[in-house]
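Everything quoted here is computed from the prediction, not taken from an experiment. Residues take their numbers from the sequence shown, with the count starting at 1.
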Amino acid sequence: MTIRIVRLGSPRLPDEGTRIGAVRRLPRGVRKERYAADDWFDVWYPELSPSADLVAKARGAETDKEWADFVRAFRKEMEEPAARRTLDLLAALSNGASFSLGCYCEEEAHCHRSVLRALLEERGADIG
């Protein structure tokens, strides 16, 4: 049983489980009834994405320093009580259920899902 960190819209892996979309915006041009069928997500959970201002900051990050500034700011957002409780819950669930968490970004290393991976690992999540 594990959490998989995935790119939304990519083909599902075997035994991936429920796919959670940790994104601020819904996929453009995709009808709601196609979200799961087209491998976007089963559940949309925008509370695990950066604020709109931080999304813009991440997209505009061209240097290592700018990216580090984004990571620091996103980690701060994830320290809010509701976000902390959600991360704690997901980490605990990873020890008994398989599910995935993802975003649209092509490159995980330059995406907020890399920060979510680290935050979940810090909480003892089983990440595959």
Side-chain angles (χ1 to χ4, degrees):
M1 308 294 174
T2 62
I3 301 175
R4 294 185 191 271
I5 307 298
V6 300
R7 181 177 184 202
L8 301 180
S10 65
R12 291 179 190 254
L13 301 168
D15 301 320
E16 186 177 302
T18 300
R19 191 176 268 202
I20 301 168
V23 291
R24 180 75 30 207
R25 306 250 186 260
L26 295 169
R28 289 181 178 209
V30 180
R31 292 177 28 200
K32 184 178 181 178
E33 61 271 8
R34 299 299 309 169
Y35 293 158
D38 292 345
D39 294 331
W40 293 102
F41 50 77
D42 301 303
V43 178
W44 179 41
Y45 203 80
E47 291 79 3
L48 288 174
S49 68
S51 64
D53 289 342
L54 276 185
V55 169
K57 189 174 202 168
R59 286 186 177 160
E62 295 180 1
T63 66
D64 289 343
K65 182 189 180 316
E66 290 170 336
W67 180 252
D69 290 345
F70 161 76
V71 169
R72 200 169 14 264
F74 181 51
R75 279 181 164 271
K76 185 174 182 180
E77 285 187 352
M78 292 293 99
E79 289 174 9
E80 294 294 321
R84 276 197 334 261
R85 287 190 298 270
T86 297
L87 292 169
D88 291 344
L89 173 66
L90 292 175
L93 289 173
S94 74
N95 294 299
S98 293
F99 58 95
S100 58
L101 183 65
C103 180
Y104 308 125
C105 297
E106 185 174 344
E107 185 181 334
E108 182 180 330
H110 203 67
C111 175
H112 82 282
R113 70 181 188 264
S114 65
V115 181
L116 290 173
R117 176 188 293 276
L119 290 167
L120 289 163
E121 286 174 342
E122 291 164 14
R123 287 167 166 77
D126 184 4
I127 299 180

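- Here the CZ-CG distance, from R117 to L101, works out to 9.5 Å after rounding to the nearest 0.5 Å.
- Counted within 6.0 Å of CZ on R12, heavy atoms from surrounding residues, nucleotides or ligands total more than 12; the atom is thus considered enclosed.
- Residues R34 and D38 approach most closely at NH2-OD1, 2.6 Å, considering heavy atoms.
- Counting heavy-atom neighbours within 6.0 Å of R75 CZ, excluding the residue itself, gives a total above 12.
- The backbone N or O of V23 lies less than 3.5 Å from a partner atom in the side chain of W44, making a donor-acceptor pair.
- Looking at every heavy atom in both residues, Y35 comes nearest to P27 through CE2-CG, 3.6 Å.
- In summary, the side chains of E47 and T86 do not present any donor paired with an acceptor at a separation below 3.5 Å, with no hydrogens or angles considered.
- Scanning all heavy atoms of the two residues, the minimum distance from P11 to D39 falls at CA-OD2, 3.5 Å.
- Residues F41 and Y45 are members of separate hydrophobic clusters, defined by side-chain heavy-atom contacts under 4.5 angstrom among Ile, Leu, Val, Met, Phe, Trp and Tyr.
- With values rounded to the nearest 0.5 angstrom, R84 atom CZ is found 7.5 Å from D88 atom CG.
- When atom types are taken as modelled, the side chain of H110 and the backbone of C105 share no donor-acceptor pair closer than 3.5 angstrom.
- One finds the OG atom of S10 at 6.5 Å from the CD atom of E16 (value rounded to the nearest 0.5 Å).
- In this structure a side-chain-to-backbone donor-acceptor pair under 3.5 Å is missing from R19 to L8.
- Remark: E33 CD is packed, more than 12 non-hydrogen atoms of other residues, nucleotides or ligands lying under 6.0 Å away.
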For this session: Applying side chain to side chain contact (heavy atoms under 4.5 Å, CB included), run through L93 and I3 and close with a yes or a no.
Result: CA-CA 9 Å; L93 289 173; I3 301 175; over 6 Å; no
Exercise. Is there a side chain to side chain contact (heavy atoms under 4.5 Å, CB included) between W40 and L26 once you walk through the steps?
Worked result: CA-CA 9 Å; W40 293 102; L26 295 169; over 6 Å; no
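- Using bins of under 30°, 30° to 60° and over 60° for the plane-to-plane angle, the ring pair F74/F70 lands in the parallel bin.
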Exercise. Are L90 and F99 close enough, and set up right, to give a side chain to side chain contact (heavy atoms under 4.5 Å, CB included), and what steps lead you there?
Worked result: CA-CA 9 Å; L90 292 175; F99 58 95; 3.7 Å; yes
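- In the hydrophobic cluster analysis, where Ile, Leu, Val, Met, Phe, Trp and Tyr join through side-chain heavy atoms closer than 4.5 angstrom, L48 is grouped together with V71.
- Side-chain contact between P50 and R24 is absent, with no heavy atoms from C-beta onward closer than 4.5 Å.
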Problem set entry | From CA spacing to verdict: side chain to side chain contact (heavy atoms under 4.5 Å, CB included), M78, V115 | CA-CA 10 Å; M78 292 293 99; V115 181; 5.8 Å; no
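- Taking the side chain as every heavy atom from C-beta outward, R7 and E106 approach each other to under 4.5 Å.
- Residues W67 and L54 fall within the same hydrophobic cluster, defined by Ile, Leu, Val, Met, Phe, Trp and Tyr side chains chained together at heavy-atom separations under 4.5 Å.
- V43 is not connected to V30 by any chain of hydrophobic side-chain contacts under 4.5 Å among Ile, Leu, Val, Met, Phe, Trp and Tyr, and they are in different clusters.
- Going from atom OG of S114 over to atom CD of E107 covers 9.5 Å, rounded to the nearest 0.5 Å.
- Side-chain atoms of S94 come within 3.5 Å of backbone N or O of D126 as a donor-acceptor pair.
- Side-chain contact between T2 and D15: absent, with no pair of heavy atoms (C-beta onward) separated by less than 4.5 Å.
- We find the OG-CD1 distance between S100 and I127 to be 12.0 Å, quoted to the nearest 0.5 Å.
- Taking each heavy atom of A91 and L120 in turn, the nearest pair found is N-CD2, 4.0 Å.
- Residues L116 and A22 come closest through the heavy atom pair CD1-CB, 4.0 Å.
- At a threshold of 4.0 Å, the pair K65-D69 counts as salt-bridged, since one of the basic side-chain nitrogens sits closer than that to a carboxylate oxygen.
- At a threshold of 4.5 Å between non-hydrogen side-chain atoms, the residues I5 and E108 count as touching.
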